[in-house]
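Values in this document were obtained by computation on a predicted structure and should not be read as measured data. All heavy atoms count here, side chains included; hydrogens, waters and symmetry mates do not. Lettering follows sequence order; numbering is per chain, from 1.
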Protein chains: 2
Amino acid sequence: MAAQRTDPLTLEVVELIGTVVARYHAEYEQAAAEHALTGAQARVLGLLSMEPTPMRRIAQKLRCEPSNVTGIVDRLEARGLVERRPDPADRRVKLAAATQEGRSTARRLRESLEFAREPLAQLTEVERTVLRDLLRRMLGEDPAEPSPGP
Amino acid sequence: MAAQRTDPLTLEVVELIGTVVARYHAEYEQAAAEHALTGAQARVLGLLSMEPTPMRRIAQKLRCEPSNVTGIVDRLEARGLVERRPDPADRRVKLAAATQEGRSTARRLRESLEFAREPLAQLTEVERTVLRDLLRRMLGEDPAEPSPGP
DNA sequence: TATTGTTATACTCTATAACTATA
DNA sequence: TATAGTTATAGAGTATAACAATA
């Protein structure tokens, strides 16, 4: 285990990150609510707007049990934002896919995410580059499995 | 409204922050679960370990409706981690306060939050200072109301 | 026999509205 | 009358366990 860091500098950075996390979350939930979606529904819709995905795979991306995905996709499907398709290669599998309206909603959702603008607009390009490099190093440069959202 | 920033650099920084947010959240929930607490319970307990707080004030900190706090405090109280006290100054008010066991649990919870160590240990002190200053500027330096957690 | 998705169940969190006891 | 806390209710997310269809 790494050495315990409880110096004031580290503690302040952790607190600042906590504030960023809280603000990011609040804005994500708000953007979802403006489209009458819950956070979980928005995350799944964003995922499916990229490519059709088996139910099981959605659960892995969301880090939740597959049984939960059934309900979330049910609600998105009831609103016509998502549809279930058979997988020609394996008849056990159901592929969840965003409809055209679903993709449109996902796009507007992304655009309404203010987080990209407000806070980062405070920084110059050089500063954003420095921030990017620090975050990369912090996260250990392992972009194997990008997260589906907050 | 600020100018829309959709350049690759900004988009990458937003994605990196999203990854940080996801990891922070996952570790917070995991740390809470190790003490058989939900995320909401852990946040409230952390809050009350600092000082006794009126129910209404807890709701404001959590940004949720006061009626929800009743249930969360109920469950913490049933486990002996929190207690309700009258407010001598206003008999309508109930102050929720962490018990000694509650404070002990909150302290162990804080200590088990790996986030302070793992990711930030990758950075030198100079880098952590730069990161701190960038985050401060990003957040606009308004430490009026520190967030209660993720 | 193992895997995929679903159903059934129970718990927690959430918002809304109505209620009580104070102020 | 206004406020603090609670209760009642309904909806959503979550995990667990059991099930049908398919591999």
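- What separates NE2 of B/His25 from P of D/dG13 is a distance of 15 Å, to the nearest Å.
- Of the charged side-chain nitrogens involved, at least one lies within less than 4.0 Å of a carboxylate oxygen, so that A/Arg85 and A/Glu83 count as a salt-bridged pair.
- The side chain of A/Ala40 sits closest to D/dG13 out of D/dG13, D/dT6, C/dT4.
- B/Leu95 and B/Val44 sit in two unconnected hydrophobic clusters of ILVMFWY residues. Membership requires side-chain heavy atoms under 4.5 Å apart, directly or through other members.
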Within the 4.0 Å limit for protein heavy atoms, which parts of nucleotides 15-23 of chain D are touched? Write it as a string from 5' to 3', B for base, S for sugar-phosphate only, - for none. BBB----BS
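- Base pairing in DNA chain D yields stems of at least 3 consecutive Watson-Crick or G-U pairs, both distances under 3.5 Å, namely C:1-23 with D:1-23.
- Rounding to whole angstrom units, CG of residue A/Leu45 and P of D/dG13 are separated by 13 Å.
- When atom types are taken as modelled, the side chain of A/Arg128 and the backbone of B/Thr10 share no donor-acceptor pair closer than 3.5 angstrom.
- Minimum atom distance to the side chain of A/Arg75 is reached by D/dA12, of the listed C/dG5, D/dA12, D/dG5.
- The pair A/Glu12-B/Arg136 meets the salt-bridge criterion, with a side-chain N (NZ, NE, NH1 or NH2) lying under 4.0 Å from an Asp/Glu carboxylate O.
- By the criterion of side-chain heavy atoms lying less than 4.5 angstrom apart, applied directly or through intervening Ile, Leu, Val, Met, Phe, Trp or Tyr residues, B/Val93 is not grouped with B/Val73; the two fall into different hydrophobic clusters.
- Proximity of A/Arg57 to the phosphate of C/dT4: no side-chain N or O atom is located under 4.0 Å from OP1 or OP2.
- Distance B/Ile72 CD1 to C/dA15 C1': 13 Å, rounded to the nearest Å.
- Residue A/Lys94 contributes atom NZ, which lies 14 Å from atom C1' of C/dT3 at whole-angstrom precision.
- If you take CZ of A/Arg43 and P of D/dA12, they are 15 Å apart, rounded to a whole angstrom.
- Remark: B/Glu101 does not engage B/Arg103 in a salt bridge, criterion side-chain N to carboxylate O under 4.0 Å.
- Residue A/Pro54 is the one, among B/Gly39 and A/Pro54, whose nearest nucleotide of DNA chain C lies closer to the 5' end (criterion: closest heavy atom).
- Salt bridge annotation for B/Glu27-B/Arg23: absent, with no cationic side-chain nitrogen under 4.0 angstrom from a carboxylate oxygen.
- When the C1' atom of C/dT6 is taken as reference, atom CZ of A/Arg56 falls 10 Å away, rounded to whole Å.
- To the nearest angstrom, C1' of D/dG5 lies 12 Å from CG of B/Leu95.
- The distance between atom CD of A/Gln60 and atom C1' of C/dG5, rounded to the nearest whole Å, is 13 Å.
- The pair A/Asp74-A/Arg84 counts as a salt bridge, with a side-chain nitrogen and a carboxylate oxygen less than 4.0 angstrom apart.
- Hydrophobic clustering of Ile, Leu, Val, Met, Phe, Trp and Tyr side chains at less than 4.5 Å, counting indirect connections, unites B/Leu9 with B/Val14.
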